[in-house]
Amino acid sequence: MRIAFLGAAGTVTGSMFLLETESGNLLVDCGLYQGRRQESEQRNRNLPSPIFTADAVCLTHAHIDHSGSLPTLVKGGYEGPIFTTPATGDLCGYMLRDAAHIQEYDTRWLNRKHAKDPDWEPIEPLYTQADALQTLKQFVTYHYWRPFEPLPGVRVVFADAGHVLGSACVLVEAEGKKILFSGDIGRRNIPILRDPEVPANADYVIMESTYGNREHGPIEESRDELGKIIRETAAQGGKIIIPSFSLERTQEVVYALHKLLEKDQIPPIPIYVDSPLAINLTQVFRSHPECYDEDILSWIAQHGDPWGFESIRYTPSKEESMALNTAEGSMVILSASGMCEAGRIRHHLRNHIGSKKNTIVIVGFQAEHTLGRRLVERRPQVKIFGVKQDRLARVEVLNGFSAHAGRTGLLGYARLAGENAKQFFLVHGEPDAQKALAETLRETHGDKVTIPAQGQIVTL
Ligand SMILES: [Zn+2]
């Protein structure tokens, strides 16, 4: 048996791992690579050829860096099943179509922009809505801990990864060996989701290492801090703008706001969720209570819908969104994209960044070279829609909302999952984070810790 590291090796996006067994090849995740524009374009259009030998696919969760190349795989001829949990399947119903929509929109825009350029070769989208729909037809779902055989004699179960709704780690038993793919590992005590489950005693552990060198603040602290920021901003008549990822972060922040309201820790000002994708995904959250933890279940028993209350407004249409541009008075606006690079958030930032009364609250990771990162750095001027604007609004950064395990969580995971492991493979992390985690793991596991390179193949 062999494993090929075809993506997310020495980087945090584009997860794809191919397990070659005697009875066929199993691909775990097929994510989009997200980085500098040209490199991303090149890598996403030319997926590593071994993935097209897959006979079955398992998907850990709906984030695009794990699922976003599935339509490319299908477009390239893959006709087999894509196994995942029911919640991930439903989330992908929106996520993959949204990704296709962005691909189609961007290529149309570029082709139009270069229409008069004689050297311009019109480009095709990476994939279309039709490719995304075909991909969804190939989904086959299993709940956590329901074993199935994606290939003859190869047994798989999903365990709850506690990272986003429906997220799973994949435990594969083949040829007398247990191989654990961690997917992205969640945190203990985050809202909505149960704590991550760790299948014990794997022979081989392929685990993420995103925060191998960092910890996050407690979520309660960030929630209290958010309450304070809203009280202060509302007191001076300002607006609170929150760029937020559509999947998980928006639902967590809305639930946090609902809790703050119930405790009278924020005034009942209007709260707008202005992102069609986030609105659709919130609907998926409502229909998967089997993924909830005790905390949200008892909250629902007492207070009803965590995402529905008097002061919340969802604004799916363009007209409703545009009406917010001229709306008066204090309000909270949550909008996508989370890193401020696309979507409706840019309009809200353009309209509100120039006033000292307003506050921009950053609740998620901001990659380099994004508008979100420039806001985190509190630059006095930023470009929005290509136009330089003075930043007078206050910027606050809350780190407690992360959906990834910090360093301690990762080490605890490794201890449980691979007490007697023959080998750990650290993936899905920047080099510094991987090195830090590997050094600590080597204290207990010696040379059984590997950081595989892109394209590396290892015999198990
Ligand atoms: Zn993820």
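Atoms within each ligand, like the ligands themselves, are counted from 1 in listed order. This structure is a prediction, so every number in the text was calculated from the model and none was measured.
- Checked against the Zn ion (ligand 1), the N, O or S atom of Asp184 at the shortest distance is OD2.
- Residue contacts to the Zn ion (ligand 1): Asp65 brings no N, O or S atom closer than 2.8 Å.
- When each of Lys422, Lys177, Lys178 is tested with Asp203 by the rule salt bridge (charged side-chain N to carboxylate O under 4.0 Å, His left out), just one qualifies, namely Lys422.
- Between Ser182 and Glu208, the shortest heavy-atom distance links the atoms OG-N, 3.1 Å.
- For His63, the N/O/S atom at the shortest distance from the Zn ion (ligand 1) is named ND1.
- Residue His163: an N/O/S atom is found under 2.8 Å from the Zn ion (ligand 1).
- Residues Tyr142 and Thr85 fail the side-chain proximity criterion, which asks for heavy atoms closer than 4.5 Å.
- In this structure, Asp65 and Val12 have side chains that are not in contact, with every pair of non-hydrogen atoms separated by 4.5 Å or more.
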